[in-house]
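Read the structure below first, then the notes.
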2 protein chains.
Amino acid sequence: MRTMTDTEKTAAAINQSVELSEEQLRQAIELLFFAYRDFTGEADAILDEYEFGRAHHRVVYFIGRNPEVTVTQLLAILKITKQSLARVLGQLIDEGFVEQRTDAADRRRRLLALTPKGMELDKQLTKRQSLRIAGAYLAAGPQAISGFRQILRGLINAEDRERVDGFFTDIGSDISPKGT
Amino acid sequence: MRTMTDTEKTAAAINQSVELSEEQLRQAIELLFFAYRDFTGEADAILDEYEFGRAHHRVVYFIGRNPEVTVTQLLAILKITKQSLARVLGQLIDEGFVEQRTDAADRRRRLLALTPKGMELDKQLTKRQSLRIAGAYLAAGPQAISGFRQILRGLINAEDRERVDGFFTDIGSDISPKGT
DNA sequence: AAAAATATGTCAGTACTATTGACTTATTTT
DNA sequence: AAAATAAGTCAATAGTACTGACATATTTTT
C-alpha cells in the first residue's frame, strides 16, 4: 500500500479545509462586520474634535493618497454622487484642509490636494488606524498578512482590484524581514 | 537586573525584523475600505425590494444568528442606541419578519427570533455575500483563509473577539442560544 | 463656427441611519 | 419598599446619501 506524496497530502488538506460550510462563511461575514466597525470607529474621536464625520475622513484620505486628483476621479473612487461630495469637499476647502487649483492642461478640471493643515489631519487620523493594523500584522506574521491581502482583494469588485494593487504586485514578499 | 524571557526575545526579534512601512499600512486601509464597500453593496438590491436599509439587514442577520437574543444583547452586538434599533426592529416586527416573545424566566425580557418569512430574507441576503466570500476563499486557498481570519480577528476590539471565535472556542455565554 | 460632450458647481427636496435626552411601564433584585 | 434592570416611546437634531434639475466654463467633435 503506497503512501501519499507531499503534493497529494497538500491537495487532500486543501479539499478538506476548503469545504465551505455555512458556518465558516457566516464567521467571515461577522469578522468583516466587527473588524470594519472597530477599525472605522478608531478615528471618530479625532473627527469629533473637528466637527467632521466619516465622509470627511474618506475624502481627506483619498486626496492625501492621490494628490492632484480631480473631482470626477474622486467620485469614481468613493462611488458617491457629486452632490454628496460637494457638501463635504466644500467644508474641507472652506476650512483650509483641501486646496483646489485649475489644471493648466484642461482648465475645466480642478486638481485637489491637501494643505499642510490637511496633511496634518490625515496623518493624525491614519496613525490610529495604522497602529491597529500594525498590531494585528505583527501578532499574526507575514504569512497571515499575505492571506489577509489575498482574500480582501478577492472580495473587491474586479473593476476596482487594481486600485489596491499599489506599487508592488508580489504580494507577501514586501513584509518579509528586512535586509535578508 | 533581570533577563528577557523567551517570549520577550521573540517579540523583540519580530519588532526588529519586520518593517511595516506606511505604504503597507495604507494598502491595508484601502483593502478594508474597498472590500467592505463591495461586500456590503452586495445585498442592497434585495433590500431595496423590501424597502429596507442596511440597518434592517444587520438586525435580521444577528437575530438569525442568535435566536432568542434579547433586545439588550442585540444592542450590545450592534453598538447602536435603543432608539435607533427601535425603528428598524419595529418595522421588522410589524411586517412579520421578526417575532418577539416574553422570556418565561424573566418576564421583562423579550426574546427575538426570525419568523419563517424572516429566515427566508436572511437566507436570500446571506447567500449573495456568502458566494462572494466563497469565491475569494476558494481562489486563495486554506492558508490564506487562516491568515485572513487571524488578521481580522486582531483588528477587532479585544472585548468582542470572542464573538467571532465561533466553533473554535466557547463563545461568551451572554449571546449563546441558551441550552446550558 | 456651431454643436456636442465634459467637468464642475449649485439648488431643492427626500430618505435612512443614528444620536442625545427625557420619560413611562413592567418586572426583578436588593 | 426601594433600587435596578429591560423594554418601549416621544421629540429634536445631525450626518450621509440620494434623485432631479439646472447653470457655467471649457474642450472636443462635427
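Chain identifiers are assigned alphabetically (A, B, ...) following the order of the sequence lines, protein sequences preceding nucleic acid strands; residue numbering begins at 1 within each chain.
By the side chain to side chain contact (heavy atoms under 4.5 Å, CB included) test, A134(B) is found to be paired with L20(A), L25(A), residues two or more places apart in sequence or in another chain being considered. With sequence neighbours left out, the side chain to side chain contact (heavy atoms under 4.5 Å, CB included) criterion links R109(B) to T70(B), D103(B), D106(B).
Contacts between residues 38-52 of chain A and DNA chain C, counted as heavy-atom distances below 4.0 Å, involve no residue at all. Residues of residues 85-109 of chain A having a heavy atom closer than 4.0 Å to DNA chain C, listed by number: Q100(A), R108(A), R109(A).
When the side-chain nitrogen and oxygen atoms of R58(B) are compared with OP1 and OP2 of dA18(C), one or more of them lie within a distance under 4.0 Å. OP1 and OP2 of dG15(D) both lie 4.0 Å or more from every side-chain N or O belonging to H56(A).
Rounded to an integer number of Å, the gap from R110(A) CZ to dT24(D) P is 15 Å. Protein atom CD1 of I80(A) is 17 Å distant from nucleotide atom C1' of dT17(C), rounded to whole Å. Nucleotide dT19(C) holds its C1' atom 15 Å from the CG atom of L78(B), rounded to whole Å. In this entry the distance linking CZ of R54(B) with P of dT16(D) reads 15 Å, nearest Å.
Comment: E23(A) engages R65(B) in a salt bridge, judged by a side-chain N to carboxylate O separation of less than 4.0 angstrom. Checked for salt-bridge contact, R26(B) and D122(A) meet the test: a charged N lies under 4.0 Å from a carboxylate O.
At least one donor-acceptor pair under 3.5 Å links the side chain of T40(B) to the backbone N or O of R37(B). Between the side chain of R132(A) and the backbone N or O of L155(B), at least one donor-acceptor pair lies under 3.5 Å.
Open room surrounds CD on E51(A); 12 or fewer heavy atoms of other groups in view lie less than 6.0 Å from it.
Applying the ring-ring contact (aromatic ring centres under 6.0 Å, His included) test to pairs two or more places apart or on separate chains, those with a residue in residues 62-98 of chain B are F33(A)-F62(B), F34(A)-F62(B), Y50(B)-F97(B), F52(B)-F97(B).
Closest heavy-atom contact between Q27(A) and V164(B): NE2-O, 3.0 Å.
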Handout entry: Verdict with supporting geometry, L89(B) and L112(B), side-chain contact (heavy atoms from CB on, under 4.5 Å)
Key = CA-CA 10 Å; L89(B) 186 56; L112(B) 304 172; 4.1 Å; yes
Could you go through nucleotides 20-23 of chain C and list every protein N or O atom that sits under 3.5 Å from one of its N or O atoms, giving the distance for each pair?
residue : atom : partner : partner atom : Å
dG21(C) : N7   : Q83(B)  : NE2          : 3.3
dG21(C) : O6   : Q83(B)  : NE2          : 2.7

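Side-chain contact between Q143(B) and Q150(A) is absent, with no heavy-atom pair separated by less than 4.5 Å.
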